[in-house]
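Keep in mind that this is a model prediction, so the values were computed, not measured.
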Amino acid sequence: MNTPHVVVVMGVAGTGKTTIGSLLAARFDVPYAEGDDFHPRANIDKMTAGAPLTDDDRWPWLDAIGAWAHGRAGRGGVVSCSALKRSYRDRLREAAPGVVFVHLTGDRALIGDRMSHRRGHFMPTALLDSQFATLQPLEQDESGVAVDVAGSPEEITARAAAALDALP
């Protein structure tokens with residue numbers, strides 16, 4: 001990245017948003033923020049119980065992430081956020097117009113397998129299908145890149161960094 005953008009690492013649960021986000025932040029020498037930390041307790045409790053969030057549940061969370069991104073404008077940063085719908089990404093762009101998205105994509109079976117092996121995370125594998133059903137991939141008029149999650153975290157990060165570097 002030639003300029004200090006704020007990068008939102010997005011995708012369904014289990015794509016590695018935290019891992020890739022942290023690695024990208026280190027690579028670009030900017031702060032990283034874990035999107036899950038912006039959730040109100042009620043959201044965490046709801047997802048832990050296996051219930052998908054509604055749009056009304058998500059707005060305060062997205063606003064908090066947007067405020068963080070706005071505060072990093074011109075200085076750069078990386079934040080993880082599922083940002084599954086265009087309207088969610090629009091909300092983030094309203095708060096921080098220069099954000100750039102890295103959409104981590106992958107095969108449902110691979111992502112489900114990775115989710116089944118992680119420990120200590122509140123998001124159950126049972127919610128993965130609802131995430132895929134909600135997902136609206138980046139559109140051509142959205143600033144960002146799609147990166148497949150096959151491979152090691154280092155390989156995925158390298159592909160993401162190269163794709164970001166190639167953006168105008």
[X] [atom1] to [Y] [atom2] distance, which is reported to the nearest 0.5 Å:
X	Y	atom1	atom2	result
Glu139	Arg86	CD	CZ	4.5 Å
Tyr88	Cys81	OH	SG	10.0 Å
Thr134	Leu84	OG1	CG	6.0 Å
Arg58	Leu53	CZ	CG	4.5 Å

Within the structure provided, determine whether [X] and [Y] are in side-chain contact (heavy-atom separation under 4.5 Å).
X	Y	answer
Met10	Leu104	no
Val102	Val100	no
Leu92	Ile65	yes
Ser87	Trp59	yes
Tyr32	Leu24	no
Lys46	Asp57	yes
His103	Val147	no
Pro153	Ile20	yes

> Can His5 and Leu167 be said to form a side-chain contact (heavy atoms from CB on, under 4.5 Å), step by step?
Replying inline: CA-CA 11 Å; His5 292 288; Leu167 287 176; over 6 Å; no

Could you tell me which non-hydrogen atom of [X] sits nearest to which non-hydrogen atom of [Y], and how far apart they are?
X	Y	answer
Gly21	Val78	O-CG1, 3.5 Å
Gly106	Asp148	CA-OD2, 4.3 Å
Glu94	Pro97	O-CD, 4.3 Å
Gly76	Pro31	O-CD, 3.8 Å

Can you check whether [Y]'s main-chain N or O pairs, donor with acceptor, with [X]'s side chain at less than 3.5 Å?
X	Y	answer
Arg27	Ala161	no
Ser80	Gly35	yes
Glu34	Asp36	yes
Arg72	Gly77	no
Thr15	Val12	yes

>> I'd like to know if Leu23 and Val149 are part of one continuous hydrophobic network [Ile/Leu/Val/Met/Phe/Trp/Tyr, side-chain heavy atoms within less than 4.5 Å].
In response: no

> If you group Ile, Leu, Val, Met, Phe, Trp and Tyr by side-chain heavy-atom gaps below 4.5 Å, do Phe101 and Trp68 land in one group?
Replying inline: yes

>> Does Arg75 form a side-chain contact (heavy atoms from CB on, under 4.5 Å) with Val30? I'd like the steps, not just the answer.
In response: CA-CA 8 Å; Arg75 298 181 293 151; Val30 295; over 6 Å; no

>> Out of the candidates Val9, Asp37, Val8, Val7, only one should pair with Val79 under the side chain to side chain contact (heavy atoms under 4.5 Å, CB included) rule; please name it.
In response: Val8

>> For Phe38 and Leu62: C-alpha separation, side-chain torsions, deciding distance, then whether side-chain contact (heavy atoms from CB on, under 4.5 Å) applies.
In response: CA-CA 8 Å; Phe38 293 90; Leu62 291 164; over 6 Å; no

> Is the closest basic N to carboxylate O distance between Asp55 and Lys85 below 4.0 Å?
Replying inline: yes

> Do the charged groups of Arg93 and Glu142 touch, with an N to O distance under 4.0 Å?
Replying inline: yes

